Student: 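Could you have a look at this structure, given as structure tokens, before my questions?
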Amino acid sequence: MASPRILARLVSTTASISAGAVLALRDPSRSPEPVPPIVRDLLTLIAETIHVSPRPDETARGQTESHLISLIERYGTMRLAMETLASGGRRLPGISHEKAHAWSQVMASAFAQVESVLRRSPHLVLTVGKWVAAQGDTLEARLDAYQRWLDSPLPGVTETTPTVAPPTVEIELAPALNAPAPRPDLEPLLRALVEDKRAFEPGPASASRAPRLPADSRALAERFAHDSDPQSRALGLIALGRFKEAEAVLPTLRGSCDESLLWTLWGERYYFDGRFDEAVESFRTAQSAGDSSAHRRNLAAALLKSTKPSADRQLRAAIDLLTDSVHAVDAASPDRAPLETMLGSAWLRVTSADHDADLRRAIEHLELAISLLDPARDAHGWAEAHFQVGCAWLALPSGKRLENVQRAITCFERAGQVWTRETDPERRAAVQNHLGQAWERLPTGDRGMNLERAIAYFQSALETKTRDADPVGWATLQNNLGIAWSQMPGGDPGVFITRSIECHQRALDVWSDHNRRAEWAATQNNLGIAWSMLPGTGEEREKNLRRAIAAYKAALEVRTRATMPSEWASTQNNLGSTYLHLPPGSDGATVKEAVACFERALEIRTRDTMPIDWAKSQSNLGNAWLKMPGDRVSNLQRAVECFNMALVVFTKSSHPHQHEHITQKKAEALDVLDELQIMGRE
């Protein structure tokens with residue numbers, strides 16, 4: 001290992017690689033002296049360490065290196081090129097944002113702070129440390145040669161200003177490890193931990209939980225936890241969720257444990273304790289020390305739950321990593337199916353402008369995983385892939401709604417065949433929750449019976465998801481129950497809506513306690529719907545509508561146009577509908593409020609991007625103009641225009657119920673217009 005001073009000089013030199021240097025590489029005639037070979041070597045080093053794959057092939061590395069050279073030519077230096085990549089600009093699909101960001105931070109640090117900044121990215125410490133060690137004693141001379149080239153005379157220019165060398169600062173870095181390979185007897189339990197992270201699971205991003213292990217793996221963990229060997233003991237303690245005890249053992253392994261295993265153990269300790277950002281760095285370092293499918297799956301699982309620098313960036317990094325991984329693995333490999341499952345689950349979480357395309361990518365990868373899985377050999381993996389693809393079908397906005405929901409139900413039921421109350425009660429509860437959502441959304445059949453089934457599934461899940469054991473899961477189910485009760489036909493509507501309100505209020509208590517602002521706002525929106533539907537007359541009815549308006553306005557404190565545009569538009573639409581049910585008053589104040597709400601919603605709900613929601617808001621706006629006092633003819637004409645626009649989407653063949661209702665409202669408006677015009681002529 002070279003001295004820490006050499007390492008700091010290396011970072012400084014790499015950051016200073018200039019447009020002039022790379023131009024001289026391409027065209028030696030630009031410089032009176034040839035560019036030292038170390039410039040090319042440093043370009044290769046950076047290209048390798050910012051690629052999504054820890055060991056890119058020659059073609060992939062060459063593409064990244066050429067892109068780097070173009071960026072340096074455009075922006076002036078390697079440091080500025082890295083800042084561009086770190087900010088998300090001009091990034092190739094094969095370049096990792098997180099790795100570029102790490103390099104950018106190191107290059108931007110002061111000479112004396114390189115060590116502390118570098119320590120934030122253990123994978124760079126490891127990779128760069130190995131590269132420096134491989135250079136041997138010639139590295140400093142090669143760095144000097146580049147400095148002399150920088151200081152050499154420019155063509156046609158005489159320079160007299162001496163060059164000031166950077167100050168010499170000694171820093172200390174952790175020594176390189178040279179430890180034995182991982183022990184084979186640890187592999188079964190390590191594999192079990194990987195399998196427990198097969199795909200993203202619904203739940204809070206910061207959730208901490210002990211690994212869910214099959215009986216044989218748990219027995220092995222119990223035995224390891226009492227082993228005299230520190231490697232076995234650390235692994236066993238982590239597998240049992242005894243993280244504090246494991247943390248006391250892990251530092252003793254340094255120098256006596258394989259690098260990849262050591263960083264994997266640290267990653268497992270952080271991951272299952274809900275410290276996903278730290279898990280990312282540990283798993284990335286483990287992968288750098290020894291790339292494998294297991295290392296990639298661990299890293300991808302942590303990225304899917306990490307939030308720094310942002311959840312979206314980490315999600316994209318996971319997709320980059322998994323895409324590279326599935327392309328590198330043959331379809332016959334047992335690693336291919338779990339990688340496809342994870343990639344599908346990652347696409348399921350993407351919320352881009354083309355959400356339909358994202359969900360179809362998820363379905364494609366998940367259905368491929370199912371085709372590769374044998375339920376007799378990997379029942380859990382088979383169930384996981386079915387559960388994930390069921391989530392995708394349920395959320396898919398395009399296609400025939402009935403078919404999508406029916407496919408989702410079939411997939412959830414298949415997952416439920418494996419995840420029973422006895423084998424995996426927690427995952428069974430997740431299946432029950434999603435079956436409830438699917439039956440609540442089923443567009444055909446006996447509506448009352450569908451909702452009764454949905455409620456039964458939610459209540460079944462609540463047998464596992466108690467408020468004490470899982471407050472967030474419990475609150476989610478309470479919210480879903482509230483939605484179902486608010487739609488129940490027949491019987492006493494007041495009883496059903498009151499149950500809905502009680503469910504939402506219970507959920508709000510938990511969201512407030514856990515600072516879950518997005519969920520709190522969604523439940524406030526649902527509570528507003530329930531209050532607006534509660535039967536009543538006179539003052540009682542108006543009081544309920546005012547309560548609904550208060551709930552919607554509370555939701556809009558979180559659901560802003562800038563941060564949650566779609567949700568903001570939905571709540572604006574609901575708020576407008578509620579204003580429309582209030583007495584208009586002599587000046588039509590509440591009707592004017594309704595019109596303003598619908599028009600705000602239509603700023604986001606466009607025909608091209610959200611056709612169904614656009615048509616709903618157009619229909620609601622038409623209803624508002626029907627009630628608007630003032631110029632009756634003009635207002636009715638506006639109402640007819642809105643109904644005509646809604647009917648463009650709600651056709652007789654595609655949406656018969658909505659088409660019939662809007663057509664009737666339009667006809668009534670036209671009849672009144674005819675009467676007014678006749679009266680005007682008379």
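Owing to the predicted nature of the structure, the values given are computational and were not obtained by experimental measurement. If you read the sequence from its start, that first residue is 1, and numbering goes on from there.
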Student: Compare all side-chain heavy atoms of K197 with those of E268 and state whether any distance is below 4.5 angstrom.
Tutor: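 They are in contact (side-chain heavy atoms under 4.5 Å apart), so the answer is yes.
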
Student: Within a strict 4.5 Å, meaning less than it, do heavy atoms of the S96 and I50 side chains meet?
Tutor: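 A side-chain contact is absent here, since even the closest heavy-atom pair is not under 4.5 Å.
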
Student: Can you tell me how far apart OH (Y270) and CZ (F276) are? Round to the nearest 0.5 Å.
Tutor: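 It comes to 14.0 Å.
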
Student: Between CE of M82 and CG of L68, what distance do you get to the nearest 0.5 Å?
Tutor: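 Here the rounded value is 5.0 Å.
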
Student: Can you measure from CZ (F283) to OH (Y271) and round to the nearest 0.5 angstrom?
Tutor: 8.0 Å

Student: For L42 and W131, run side-chain contact (heavy atoms from CB on, under 4.5 Å): C-alpha distance rounded to whole Å, both residues' side-chain angles, the deciding distance at 0.1 Å, then the answer.
Tutor: CA-CA 10 Å; L42 291 174; W131 187 89; 3.8 Å; yes

Student: Excluding sequence neighbours, so at least two apart, what forms salt bridge (Lys or Arg N to Asp or Glu O under 4.0 Å) with D335?
Tutor: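 D335 satisfies salt bridge (Lys or Arg N to Asp or Glu O under 4.0 Å) with no other residue.
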
Student: Of the non-hydrogen atoms in V249 and A234, which two are nearest, and what is the gap between them?
Tutor: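 That would be CG1-CB, 4.0 Å.
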
Student: Charged N to carboxylate O under 4.0 angstrom, E65 versus R40?
Tutor: yes

Student: Salt bridge or not for D330 and R336, using N-O below 4.0 Å?
Tutor: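 Here D330 does not pair with R336 in a salt bridge, since their nearest N and O are not under 4.0 Å apart.
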
Student: Might you work through the side-chain contact (heavy atoms from CB on, under 4.5 Å) test for E140 and R9, ending with a clear yes or no?
Tutor: CA-CA 9 Å; E140 187 163 14; R9 277 197 65 194; 3.7 Å; yes

Student: Check this for me: does any side-chain nitrogen of one of E603 and R561 sit under 4.0 Å from a carboxylate oxygen of the other?
Tutor: yes

Student: Roughly how far apart are I69 CD1 and I17 CD1, rounded to 0.5 Å?
Tutor: 9.5 Å

Student: If I compare all heavy atoms of A346 with all of L315, which pair ends up nearest, and what's the gap?
Tutor: O-CD1, 3.5 Å

Student: May I ask you to say whether E281 pairs ionically with R284, meaning some side-chain N is under 4.0 Å from a carboxylate O?
Tutor: yes

Student: Go through the side-chain N and O atoms of T606 and T609 and say whether any donor and acceptor fall under 3.5 Å apart.
Tutor: yes

Student: A side-chain contact here means heavy atoms from C-beta on lying under 4.5 Å apart; do H51 and R61 qualify?
Tutor: no

Student: Hey, is D312 close enough to R349 for a salt bridge, meaning N to O under 4.0 Å?
Tutor: no

Student: So T264 and H295, do their side chains get closer than 4.5 Å, heavy atoms only?
Tutor: yes

Student: I need the minimum non-hydrogen distance between M564 and A518, along with the two atoms involved.
Tutor: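 Shortest heavy-atom separation between M564 and A518 comes out as CE-CB, 4.5 Å.
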
Student: Do you see a donor-acceptor pair shorter than 3.5 Å between the side chains of T563 and T560?
Tutor: yes

Student: Could you check if a side-chain atom of L193 sits within less than 4.5 angstrom of a side-chain atom of N298, using non-hydrogen atoms only?
Tutor: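 No, side chains not in contact.
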
Student: Is NZ or CZ of R559 both nearer than 6.0 Å to the six-membered ring centre of W568 and within 45° of the ring axis?
Tutor: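 Not flagged: R559 not positioned over aromatic ring of W568.
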
Student: Can you tell me how far apart CH2 (W511) and CZ (R516) are? Round to the nearest 0.5 Å.
Tutor: 6.5 Å

Student: Would you say that S104 contacts L85 through its side chain, given a criterion of any heavy-atom pair below 4.5 Å between the two side chains?
Tutor: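 No. Closest side-chain heavy atoms not under 4.5 Å.
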
Student: Any side-chain heavy atom of T13 sitting closer than 4.5 Å to one from Q147?
Tutor: no

Student: Would the distance check show the side chain of D57 and the main-chain N or O of T59 forming a donor-acceptor pair, the cut-off being under 3.5 Å?
Tutor: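 Here the side-chain-to-backbone pair exists.
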
Student: Between S333 and V329 (side chain of the first, backbone of the second, donor and acceptor by atom type, cut-off under 3.5 Å), is there such a pair?
Tutor: no

Student: Can R360 and D356 be counted as an ion pair, charged N to O under 4.0 angstrom?
Tutor: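 Between D356 and R360 there is a salt bridge, with a charged N closer than 4.0 Å to a carboxylate O.
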
Student: Give me the atom names and distance for the closest heavy-atom approach of L366 to G344.
Tutor: CG-CA, 3.8 Å

Student: At what distance, to the nearest 0.5 angstrom, does OG1 of T341 lie from NE2 of H365?
Tutor: 11.0 Å

Student: Heavy atoms, side chains only, cut-off 4.5 Å: are M78 and L43 in contact?
Tutor: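 Result yes, sub-4.5 Å side-chain heavy-atom pair found.
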
Student: Got more than 12 heavy atoms from elsewhere within 6.0 Å of CG, D137?
Tutor: no

Student: Should R148 and E33 count as an ion pair when the cut-off is N to O under 4.0 Å?
Tutor: no

